[in-house]
Amino acid sequence: YKYPNSNKNSHSYLSFNRRRGSGNVNLNLKLKFQGIISNPATNTMSVKIKLGGSQSTNYQTTTFTADQNGVWTGSVSFNTTPGQGFIVYVKGPKHIQKKVCDPTPNETAPGTYRCSSGKITLASGVNNLDFSGILLLAGDLPGQDGVVNSYDTSLVRNNLGKNESEALRLDDINLDG
């Protein structure tokens, strides 16, 4: 941005550079998805991650890999200015988006974690965030609209026991094949 020079006889401008989007913030995340309690038959999935709170970003899609305990790990990078007050939004391929405000969240019963303001501090470089203390709830199936509704439940009900690849792609929530 340029501000006019205070000298009335001058037509020059003083330059002021404001750094936006500077920095390279890398997140190493651990997640748990409802219904997946061990190493699934399909042990990779695409997950969408975005930042909110003090600064917002667009969703980035990255691959997560499951371990034998059903904990999924993945990494994603954002070109944003490091700082405080971040929120991380996580959206699995068959799951409800989860808003996470704490660097190590936990819940007493599945699906009860809630938050309102960002308490995550992100530094330049690697940031390790363990979100495996909360479950990302399943149910928003492909053709996603952000809610679990009659379309989603009907899709599961109509495909129970089927093992065709299209049925599994759409509604195999626990990834057991």
Side-chain angles (χ1 to χ4, degrees), residues 25-78 80 85-122 126-160 166-177:
V25 174
N26 303 305
L27 304 182
N28 290 334
L29 297 168
K30 289 185 178 185
L31 308 173
K32 282 203 73 115
F33 294 92
Q34 183 182 29
I36 305 171
I37 56 174
S38 62
N39 192 3
T42 304
N43 75 340
T44 62
M45 84 166 82
S46 293
V47 177
K48 293 195 267 184
I49 310 288
K50 77 174 184 175
L51 299 176
S54 62
Q55 298 175 54
S56 295
T57 65
N58 292 325
Y59 270 112
Q60 294 206 34
T61 303
T62 189
T63 300
F64 276 72
T65 304
D67 68 13
Q68 68 278 4
N69 299 315
V71 175
W72 296 76
T73 57
S75 298
V76 62
S77 294
F78 293 97
T80 191
F86 281 96
I87 296 169
V88 178
Y89 294 89
V90 181
K91 176 77 171 91
K94 299 174 184 174
H95 303 83
I96 300 292
Q97 174 184 273
K98 184 60 108 176
K99 175 183 176 181
V100 184
C101 302
D102 302 293
T104 311
N106 56 50
E107 57 193 1
T108 55
T112 60
Y113 175 81
R114 301 281 185 275
C115 67
S116 58
S117 61
K119 298 174 188 155
I120 298 173
T121 299
L122 298 177
V126 176
N127 295 269
N128 296 308
L129 299 173
D130 186 350
F131 296 168
S132 64
I134 60 174
L135 281 180
L136 293 142
L137 298 179
D140 187 17
L141 301 180
Q144 294 182 327
D145 56 8
V147 296
V148 178
N149 56 23
S150 61
Y151 167 80
D152 301 305
T153 56
S154 294
L155 193 59
V156 170
R157 184 169 186 216
N158 292 334
N159 288 310
L160 276 176
E166 183 63 10
L168 293 174
R169 183 188 70 78
L170 291 174
D171 63 7
D172 182 13
I173 294 172
N174 65 357
L175 302 179
D176 65 352

Any side-chain donor paired with an acceptor under 3.5 Å for Asp102 and Tyr113? yes
Measuring only between side-chain heavy atoms, which start at C-beta, is Lys98 closer than 4.5 Å to Phe131? no
Calculate, to the nearest 0.5 Å, the distance between atoms CG and CG belonging to Asp67 and Asn39 respectively. 7.0 Å
Just verifying a value: how many Å separate Thr63 OG1 and Asn43 CG, rounded to the nearest 0.5 Å? 11.0 Å
Minimum-distance pair of heavy atoms, taken over all atoms of Ser116 and Cys101: N-SG, 3.9 Å
Are any of the side-chain heavy atoms of Trp72 and Ile36 separated by less than 4.5 Å? yes
Does the side chain of Val71 come within less than 4.5 Å of Lys32's, by heavy atoms? yes
Please check if the side chain of Asp140 supplies one atom and the backbone of Gln144 the other of a donor-acceptor pair under 3.5 Å. no
Residues Phe33, Met45; criterion side chain to side chain contact (heavy atoms under 4.5 Å, CB included); working and verdict: CA-CA 11 Å; Phe33 294 92; Met45 84 166 82; 3.9 Å; yes
Tell me, do Val90 and Phe64 make a side-chain contact under 4.5 Å, heavy atoms counted? no
In this structure, OG of Ser150 is separated from CG of Leu155 (nearest 0.5 Å) by 11.0 Å
Which value, rounded to the nearest 0.5 Å, describes the distance between Leu29 atom CG and Ser75 atom OG? 7.5 Å
Counting only heavy atoms not in Asn58, do more than 12 fall under 6.0 Å of its CG? no
In terms of heavy-atom contacts, Ile134 and Glu107 come closest through CA-OE2, 3.3 Å
Shortest non-hydrogen separation from His95 to Leu136 and the atoms involved: CD2-O, 3.6 Å
If we check side chain to side chain contact (heavy atoms under 4.5 Å, CB included) with Leu129, which of these qualifies: Asn28, Val100, Ile120? Ile120
Shortest non-hydrogen contact from Asp145 toward Asn149: OD2-ND2, 2.8 Å
Would you say the side-chain atoms of Asp130 pair up with the backbone N or O of Thr104, donor to acceptor, closer than 3.5 Å? no
Can you confirm whether Ile49 sits close enough to Gln60 that some side-chain heavy atom of one is under 4.5 Å from a side-chain heavy atom of the other? no
How long is the span from the CG atom in Leu27 to the OG1 atom in Thr62, to the nearest 0.5 Å? 10.0 Å
Using a 4.5 Å cut-off on heavy atoms from C-beta on, say whether the side chain of Leu122 contacts that of Leu51. yes
Can you find a pair of side-chain heavy atoms, one from Phe86 and one from Val25, that are under 4.5 Å apart? no
Minimum-distance pair of heavy atoms, taken over all atoms of Pro93 and Ser46: CD-O, 3.3 Å
Should we count NZ of Lys50 as having more than 12 external heavy atoms under 6.0 Å? yes
Taking atom NZ of Lys119 as the centre, report whether more than 12 heavy atoms of other residues, nucleotides or ligands fall under 6.0 Å from it. no
Closest approach of Pro142 and Lys94, non-hydrogen atoms and distance? CD-CG, 4.0 Å
